[in-house]
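Predicted model only: the values in this text are computed from it and were never measured.
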Amino acid sequence: MKKEIKSGFRNEMKKLGSMSFGKKIEYIFDYYKFHIIGVVVALVLIFSVVGTLLNNKPLGFYAMLLNAQGSGFSTEEKVLEARFADMAGIDGSEKVVIDTTATYNPNVNSQFNMAENAKITALFASHDLDALVIDPGVFTYYALNGAFTDLREVLSEDEFGKYESENRIYYIDGAIREKMKSLDAADIDATSLSAEESGIQEKTVSGQADNASKEAEVNQDSDNISGGNSVNENTESKNSKNSDDESTTDVESLNQNAAETLDEMEQFAADLMGTPDVVAREDFMLPDPEKMEKPIPVGIIVTDVKLLSENGYFERTVPVFGVPVVSDRKELAVKFLQFLEEC
C-alpha cells in the first residue's frame, strides 16, 4: 500500500515537472481545489474563533477621545492601547479600549448623531467609561449634567496644585448646574400643574354651568308664577358669563406661565451651549472660577500634551480631560492622564 502511494506521488511530481508554471497552477487547482477550499475554510474558522475569544476578554479600561478629528492620526488605536496597558500594568487577560473615532454634537439631530449618543449613554450606564477627552462645548454639556468627577476627589494635592499653577484646570459653576436642574423640575411641575389645574377649572366651569342652568330653571318657574322679572334675568346672565370668562382666563394664564418656563429653559440651554460647531482654539477662553458662585474643578486642559499634539488629535479645538463619575476605575483614569502627559 505504501509502495503504491509513493509510486503515485512520484508520477504526479513527474507530470508537474514537465509542465509550465501556469499549467501547474491549473492542474493543482483542478485536482485539489476541494482540498484547498477545505484548508482555507478551516483557517478562517480558526482565526474567527481565536479573535472572538480575544475580544470577549473582560474590560480593563475604556477611554474615549470624543470629537478628536484632525488632518490624520499617525498612531493607531491598537498601538495606543498596547502602550497604555503596559504603562498601567494591565495584563493580557483584560481588554483595553482607546476610542479615537467617536463624534457627538448635542445640537445636531441626525441618525448618526443619535447612534453615537446611544453608544456614549450605554457606556455611562454600564459604568464602562473611565476617561474622556472632549472639546470644550461638549465637555461643558456633559459637565453641567453632572457627568464628571470633582478632580479634588481623584488627584493628590500636589497633582492638583501642579495643574492649577499651570492654569489648566477647567471649572464649571455648580450654581448654574443647580439652576438647570431646578428649571427641569419647574418645567415638569408646571406642566403637571397645568394639566391638573385645567381639569379642576373644567370641572369648576362645568359645575358653574350646571348651577347657572338650575338657577335659570328656578327663575323661569318663578317668572311663570309672578309674571317674570327682567332685572333678575339680566343679573343671573351676567354672573354666569363673568364666571365662565374668569375660569377661561385662569386656564390660559396657567398655560402661558408653563410655556414661558419652558421657553426660559430652552433659551438658557441655547445660551449655554452656543453654536453647534466645536470651539476653535483661537476663540477658546478658559472659564474663570473667580466669576463663579460655586466653582467646581472637573477638567484639565491637555492641548499641548505630546501624545495628542504629535498624533494630530484635536487640531482645531482645545481638548479637555475628565473622569466620569460612573467610572469604577478612577485610579486608571488618573494613570491615563499621566500617559497623555508623558508618552
Check the orientation of F61 and F84. Use parallel for under 30°, tilted for 30 to 60°, and perpendicular for over 60°.
tilted
Applying ring pair (Phe, Tyr, Trp, His ring centres under 6.0 Å) to F124 and not counting sequence neighbours gives Y142
Quick test of your reading: applying side-chain hydrogen bond (donor to acceptor under 3.5 Å, both in side chains), list the pairs with at least one residue in residues 286-296, sequence neighbours left out, ordered by first then second residue.
E178-K294
For residues 58-67, pull every pair meeting salt bridge (charged side-chain N to carboxylate O under 4.0 Å, His left out), keeping only residues two or more places apart or in separate chains.
none
So, do K78 and R83 sit near enough that their side-chain heavy atoms are less than 4.5 Å apart?
no
Partners passing salt bridge (charged side-chain N to carboxylate O under 4.0 Å, His left out) against E341 (at least two apart in sequence or in another chain)
R168
By the salt bridge (charged side-chain N to carboxylate O under 4.0 Å, His left out) test, which pairs, at least two apart or in different chains, include something from residues 99-120?
D99-K119
Check for me whether the distance between the ring centres of F148 and F139 falls short of 6.0 Å.
yes
Does any pair with a residue in residues 324-335 pass salt bridge (charged side-chain N to carboxylate O under 4.0 Å, His left out), and if so which ones, sequence neighbours excluded?
D130-R329
Y170 versus T140, side-chain donor and acceptor atoms under 3.5 Å
yes
For the residue pair T317 and P136, establish whether any side-chain heavy-atom pair is separated by less than 4.5 Å.
yes
Return yes if a side-chain donor-acceptor contact under 3.5 Å exists between S156 and D158, otherwise no.
no
Show your working on side chain to side chain contact (heavy atoms under 4.5 Å, CB included) between Y171 and V298 and close with a plain yes or no.
CA-CA 6 Å; Y171 288 86; V298 291; over 6 Å; no
